[in-house]
Amino acid sequence: MLGEFLRTRRRQLRRVELGLPPIPRGTSGLRREEVAYLAGVSVTWYTWLEQGRDVTPSRQVLDALARTLRLSAAEHVYVLSLAGHSAPQPSEDPIPRTAPAHVRRLLDALTDCPAYAIAPDWVVMAWNTAYAALYPNVATVAAADRNLLWLLFTDPYLRTLMPDWEFTSLHNLASFRAEAGPRLDDPPFSQVVARLLETSDAFRAAWENHDINALTSRERLFRHPDVGELHMEQHSLIPADQPRLHLVIFTPVPTTDTPTRLRRLLDTHAPPGTIDDPRRSGDPGK
């Protein structure tokens, strides 16, 4: 399978895009010796690889072939998996600061489900009208404070909204640490941690535990001051084309009266229009 895939991609390359001279009519793509030269491997070894012989390519060699054959990120992962290697490490690109338009449209379409999108450092980048009805402060807080971890430990409203605040705060803190991983010393992560260490006794005590957890889907309970208890299912999703973005969507538990209560909340508290991006809500901090 690996050999067939490499052979197909080699033949699909356009020589002119690589600055190579044309070859006789009827032949397309690169020659095996050209791929071998560009990837830094022997022609014989690469030929064996395409022929499916018993050779074991290293990750470094496959990375070089992926660059030479102009493989997409998905194709690169596929090639590594065929050879028994794990996916490549994510690039250290700057953290995105705006949610793509198609993600904002998706949040808008979830009219009956509170939902938001966060960056790797947990800055809330987008949310829908239903989430603003559930948690109004997200639309009014200063842009510099619109970070889910910061809000969780500093906004008294959230302690009222979440009867299980103590558990949820610890759970989310462990998820944040897992999300940060080796980038915890990078400014976007370290700055919010430093602020919270100075501001929140609860955060300071929890941070010392070094707990790690995934941002999982689970059942949640909110106690809204206007409509009472809302039993919700929390879903954490990662868009296939935006792997550094987390979408968190809350759906009402159908076996409770939450659908009715949530409908009443949305009818009476949702502001007109759509609030899904700080720049569109007139926030001067953006």
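From a predicted model like this one, the values you see are computed outputs, not experimental measurements.
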Candidate pair D211 and R177, rule salt bridge (charged side-chain N to carboxylate O under 4.0 Å, His left out), full reasoning: CA-CA 8 Å; D211 291 335; R177 191 188 281 272; over 6 Å; no
Steps toward side chain to side chain contact (heavy atoms under 4.5 Å, CB included) verdict (F203, L149): CA-CA 10 Å; F203 178 88; L149 195 66; 3.9 Å; yes
Criterion salt bridge (charged side-chain N to carboxylate O under 4.0 Å, His left out) on R67 and D63, from CA distance to verdict: CA-CA 6 Å; R67 290 190 296 270; D63 289 344; 5.3 Å; no
Verdict with supporting geometry, V79 and L69, side chain to side chain contact (heavy atoms under 4.5 Å, CB included): CA-CA 11 Å; V79 163; L69 298 174; over 6 Å; no
Working for side chain to side chain contact (heavy atoms under 4.5 Å, CB included), residues Q51 and W48: CA-CA 5 Å; Q51 291 175 345; W48 287 353; 3.9 Å; yes
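Here the side chains of L49 and L2 are in contact, with some heavy-atom distance below 4.5 Å. The side-chain heavy atoms of P57 and L65, taken from C-beta on, include no pair separated by under 4.5 Å. Annotation: side chain of D112 is not in contact with side chain of P252 (no heavy-atom distance under 4.5 Å). Between H171 and D164 there is no side-chain heavy-atom pair separated by less than 4.5 Å. Here the side chains of L247 and P239 are in contact, with some heavy-atom distance below 4.5 Å. At a threshold of 4.5 Å between non-hydrogen side-chain atoms, the residues T268 and D226 do not count as touching. The shortest side-chain heavy-atom distance between R31 and Y37 does not fall under the 4.5 Å cut-off. Side-chain contact between L152 and M162 is present, with heavy atoms from C-beta onward closer than 4.5 Å.
Residues I212 and F189 fall into different hydrophobic clusters, defined by Ile, Leu, Val, Met, Phe, Trp and Tyr side chains chained together at heavy-atom separations under 4.5 Å. Note: the hydrophobic cluster containing V35 also contains M1 (ILVMFWY, side chain heavy atoms under 4.5 Å, direct or indirect links). There is no path of hydrophobic side-chain contacts, each under 4.5 Å, that joins I238 to I249. Put simply, F176 and L158 are part of the same group of oily side chains (I, L, V, M, F, W, Y) that touch within less than 4.5 Å, one to the next. Linking Ile, Leu, Val, Met, Phe, Trp and Tyr whenever their side-chain heavy atoms come within less than 4.5 Å leaves I118 and L170 in two separate clusters.
Residue-environment remark: CZ (F5) exceeds the threshold of 12 foreign heavy atoms within 6.0 Å. More than 12 non-hydrogen atoms from other residues, nucleotides or ligands lie less than 6.0 angstrom from CH2 of W45. Enclosure of atom CD in E229 by more than 12 non-hydrogen atoms of other residues, nucleotides or ligands within 6.0 angstrom is indicated.
Of all the heavy atoms in R263 and L266, the pair that sits closest is NH2-CB, 3.1 Å. The two residues V192 and W150 have their closest heavy-atom pair at CG2-CB, 4.2 Å. Closest of all the heavy-atom pairs between D121 and P188 is OD2-CB, 3.4 Å. When all heavy atoms of V124 and V138 are compared, the pair lying nearest together is CG1-CG2, 4.2 Å. Looking at every heavy atom in both residues, A119 comes nearest to M125 through CB-SD, 3.9 Å. Nearest heavy atom pair, residue L161 against residue L134, reads CD2-O, 3.9 Å.
Formation of a donor-acceptor pair under 3.5 Å by the S200 side chain with backbone atoms of L196 is not found in this model. A side-chain donor-acceptor contact under 3.5 Å links R59 to the backbone of S86. Looking only at distances, a side-chain donor or acceptor of D155 sits under 3.5 Å from a matching main-chain atom of Y157. Between the side chain of R32 and the main chain of V43, no donor-acceptor pair closer than 3.5 Å is present. The backbone N or O of W165 sits nowhere less than 3.5 Å from a side-chain atom of T168 that would complete a donor-acceptor pair. Counting only distance, with no hydrogens or angles, the side chain of S217 and the backbone of S236 share a donor-acceptor pair below 3.5 Å. Judged by distance alone, the side chain of R261 and the main-chain N or O of L230 form no donor-acceptor pair under 3.5 Å. The main-chain N or O of L30 is found under 3.5 Å from a side-chain atom of R10 such that the two form a donor-acceptor pair. When atom types are taken as modelled, the side chain of S175 and the backbone of A214 share a donor-acceptor pair closer than 3.5 angstrom.
Of the residues R220, E219, R218, the one that meets the side chain to side chain donor-acceptor pair (under 3.5 Å) test with Q234 is R220. Of the candidates Y131, Y135, W122, W127, Y116 forms a ring pair (Phe, Tyr, Trp, His ring centres under 6.0 Å) with just one, namely Y131.
Among residues at least two apart or in separate chains, ring-ring contact (aromatic ring centres under 6.0 Å, His included) pairs with a member in residues 212-246 are F222-F250, H224-H269.
With rounding to the nearest 0.5 Å, the separation of CG in L107 from NE2 in H102 is 10.0 Å. Rounded to the nearest 0.5 angstrom, L6 CG and R11 CZ are separated by 12.0 Å. Separating the CD atom in E179 from the CG atom in N172 is a distance of 11.5 Å, to the nearest 0.5 Å. With values rounded to the nearest 0.5 angstrom, L71 atom CG is found 9.5 Å from L80 atom CG. With values rounded to the nearest 0.5 angstrom, L38 atom CG is found 11.0 Å from E33 atom CD.
Salt-bridge formation is detected for the pair R195/D145: a Lys NZ or Arg NE/NH1/NH2 atom is positioned less than 4.0 Å from an Asp or Glu carboxylate oxygen.
Between the side chains of Y46 and E50, a donor-acceptor pair is found at a separation under 3.5 Å.
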